[in-house]
Amino acid sequence: MKPQKLTDYELQRLQNIRRNDEMMAALKLHSKATQLSNFKRQRVEAKSTRVKSEKKPKTETPIVIRVRRSLRTRGIPPDCEGLDRDSVAPTTPSKEKPLSVVSLGPLSMATARESAHSDSSFIESLMGMAQDVSVPKGNAGDSLELESLSLDSDNIARVVSGRITNVRFFPTSSVKMIAAGNKFGNIGFWNMGENEVHLYRPHNAPISGILIQPHCISKIYTSCYDGVLRLMDAEKEIFDLVFESDETIYALSQPPNETNCVYLAEGSGGLTMWDNRAGKRSSHWDLHDWRINTIDFNCQNPHIVATSSSDATACTWDLRCTNRNDLKALRTFTHKRSVQSAYFSPSGGSLATTSLDNTIGIYSGVNLEDTAVISHFNQTGRWLSTFRAKWGWDDKYLFIGNMNRGVDVVSAVQRKIVMTLESPHMSAIPCRFDINSYEVGMLVGATSGGQLYVWTSR
DNA sequence: GTCGGAGTTACTAAT
DNA sequence: ATTAGTCCACTCCGAC
């Protein structure tokens with residue numbers, strides 16, 4: 001059915017679709033060489049178990065984009081990988097494998113989409129959210145009562161398949177929306193209000209970062225282990241290619257109030273500043289011996305950043321003191337094993353680290369010299385994302401998953417675990433967390449089975 | 001010291 | 001209900 005009169009928005013959409021189709025056609029020409037290699041499609045269908053709007057999987061043959069890095073860095077011609085895989089896991093002739101397309105540039109959202117239902121209202125709402133003038137809560141006397149936290153069975157959804165590596169609330173009060181990235185390169189968006197999930201696959205390897213900028217929600221950065229940084233642009237309906245590294249990108253961050261630059265954890269210990277206005281890498285420092293797991297800026301002093309690394313340290317740095325390419329750590333916080341996270345508290349006055357040496361470190365005082373060590377079992381093993389203690393809405397509490405399918409609440413004041421959130425509804429271990437800054441008490445835990453559990457206050 | 005292999009772990013899908 | 005498959009983390013340990 002054709003609408004009699006098209007709105008501006010619909011016209012814009014049609015233009016987008018036409019332009020993106022042309023783009024895809026051009027890309028297909030470039031990918032001739034790689035089309036010789038067949039790959040098995042990884043299973044990516046998200047079963048929205050608890051989401052009311054259950055949808056059938058897409059019927060069209062999806063286009064699978066493979067990791068280019070693995071081929072290039074190993075110097076293996078594309079054909080070989082396919083043969084290699086076949087020899088390891090022989091497949092029956094009846095199982096037809098789709099051709100792969102290597103995307104060298106922007107990827108249209110239509111192509112990346114894996115949920116069957118229309119995403120036009122979702123895309124439209126993203127543009128409507130472009131500006132949020134309200135102020136995040138927290139620190140405003142709106143204190144959290146731990147006892148009031150509960151898990152409603154309606155606040156559970158499977159948004160992606162497999163292991164969630166990254167989860168973020170949208171920084172807005174206008175809608176309750178969560179983005180989650182998994183190890184296959186999917187990004188799932190869950191609109192809690194409409195109870196709808198939109199699934200895309202802009203990447204081909206574990207998602208290492210999702211960055212939703214408060215000043216412009218319609219543009220969302222995503223980073224991936226395959227070295228690619230993309231920018232989802234709802235207006236153009238594409239996942240644009242921003243930057244591509246030869247090395248793995250392990251983390252993604254942005255200082256508060258910054259609009260042009262993003263920071264990437266690159267390779268074994270590198271921190272890269274990407275200037276998106278200039279379209280270039282404007283700085284690069286070798287900060288650690290092994291991979292940087294998190295990058296977190298201080299909200300009070302945006303030039304101060306904390307990094308956590310698998311070299312068993314977390315460090316704070318002053319990015320203003322960037323003579324040449326060497327940077328000296330303001331402070332180094334040592335652990336006995338890999339440090340999985342280092343986050344500044346909401347006020348910026350404290351730092352919390354989580355390490356595989358089974359401790360959580362809390363550092364406070366003017367120079368973070370006041371140290372507290374809290375024992376916490378952090379051996380998640382190979383199949384789960386590692387635990388990362390995450391600050392709540394003030395400097396009082398931290399939230400971290402445990403291996404008994406609970407959420408441990410750490411009091412930074414009492415320096416111990418004061419409570420564990422448990423629910424019969426939580427049937428898997430929550431590994432990664434995010435808080436809704438605009439809603440005190442709204443906490444999301446993400447599992448290695450693709451589910452999100454949203455705890456709320458009252 | 002560096003490289004590679006083994007062992008660890010939880011969850012899903014298939015039987 | 002039980003089991004095979006997962007397999008981009010990390011650590012330990014042995015060989016060189």
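Naming convention: chains lettered A, B, ... in sequence-line order (proteins, then strands); numbering from 1 in each chain.
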DNA chain C: 5'-proximal contact among A:Ser338 and A:Lys183 (nearest heavy atom): A:Lys183

At 4.0 Å (heavy atoms only), tell me whether A:Ser310 reaches a base, stays on the sugar-phosphate, or touches nothing. sugar-phosphate

Take the protein atom [atom1] of [X] and the nucleotide atom [atom2] of [N], then report the distance between them rounded to whole Å.
| X | N | atom1 | atom2 | answer |
| --- | --- | --- | --- | --- |
| A:Arg382 | C:dC7 | CZ | P | 8 Å |
| A:Asn293 | C:dA9 | CG | P | 9 Å |
| A:Gln451 | B:dA13 | CD | C1' | 14 Å |
| A:Asn182 | C:dC7 | CG | P | 11 Å |
| A:Phe377 | B:dT8 | CZ | P | 13 Å |
| A:Tyr453 | B:dC11 | OH | P | 9 Å |
| A:Asp357 | C:dT11 | CG | P | 10 Å |
| A:Trp383 | C:dA9 | CH2 | C1' | 10 Å |

If you check the [X] side chain, which of [options] turns out closest?
| X | options | answer |
| --- | --- | --- |
| A:Leu384 | B:dA10, C:dC10, C:dT6 | B:dA10 |
| A:Met403 | C:dC7, B:dA10, C:dC8 | B:dA10 |
| A:Ile429 | C:dC7, C:dC10, B:dC11 | B:dC11 |
| A:Arg405 | B:dC11, C:dC10, B:dT12 | B:dC11 |
| A:Ala428 | B:dT8, C:dT11, B:dC11 | B:dC11 |

Quiz item: cation-pi between A:Lys390 and A:Tyr343, 6.0 Å / 45°: yes

Would you say the side chains of [X] and [Y] form a donor-acceptor pair under 3.5 Å?
| X | Y | value |
| --- | --- | --- |
| A:Asp395 | A:Ser345 | yes |
| A:Asp357 | A:His335 | yes |
| A:Ser245 | A:Glu266 | yes |
| A:Glu369 | A:Thr371 | no |
| A:Asp408 | A:Asn402 | yes |
| A:Asn186 | A:Glu114 | yes |

Check the pair A:Trp455 / A:Ser150 against side chain to side chain donor-acceptor pair (under 3.5 Å), numbers first and verdict last. CA-CA 5 Å; A:Trp455 294 73; A:Ser150 66; over 6 Å; no

Is it true that a side-chain atom of A:Thr447 and a backbone atom of A:Ile429 form a donor plus acceptor pair closer than 3.5 Å? no

Is there a donor-acceptor pair closer than 3.5 Å between any side-chain N or O of A:Asp296 and the backbone N or O of A:Phe344? yes

I'd like a list of close polar pairs between nucleotides 12-14 of chain C and the protein, N/O only, cut-off under 3.5 Å.
unit_1, atom_1, unit_2, atom_2, d
C:dC12, OP1, A:Arg337, NH2, 2.6

Taking for A:Gln379 and for A:Thr447 the nucleotide of DNA chain B with the nearest heavy atom, the one nearer the 5' end belongs to A:Gln379

Taking only side-chain nitrogens and oxygens of [X], does any of them come within less than 4.0 Å of OP1 or OP2 of [N]?
| X | N | answer |
| --- | --- | --- |
| A:Arg291 | C:dA9 | yes |
| A:Lys336 | C:dT11 | no |
| A:Ser385 | C:dA9 | no |
| A:Ser448 | B:dA10 | no |

How far does the C1' atom of C:dC8 sit from the matching atom of B:dA13, given to the nearest Å? 22 Å

Considering only nitrogen or oxygen atoms on both sides, find all protein atoms under 3.5 Å from nucleotides 3-5 of chain C and state each distance.
none

By ring pair (Phe, Tyr, Trp, His ring centres under 6.0 Å), which residues pair with A:Tyr221, not counting sequence neighbours? none

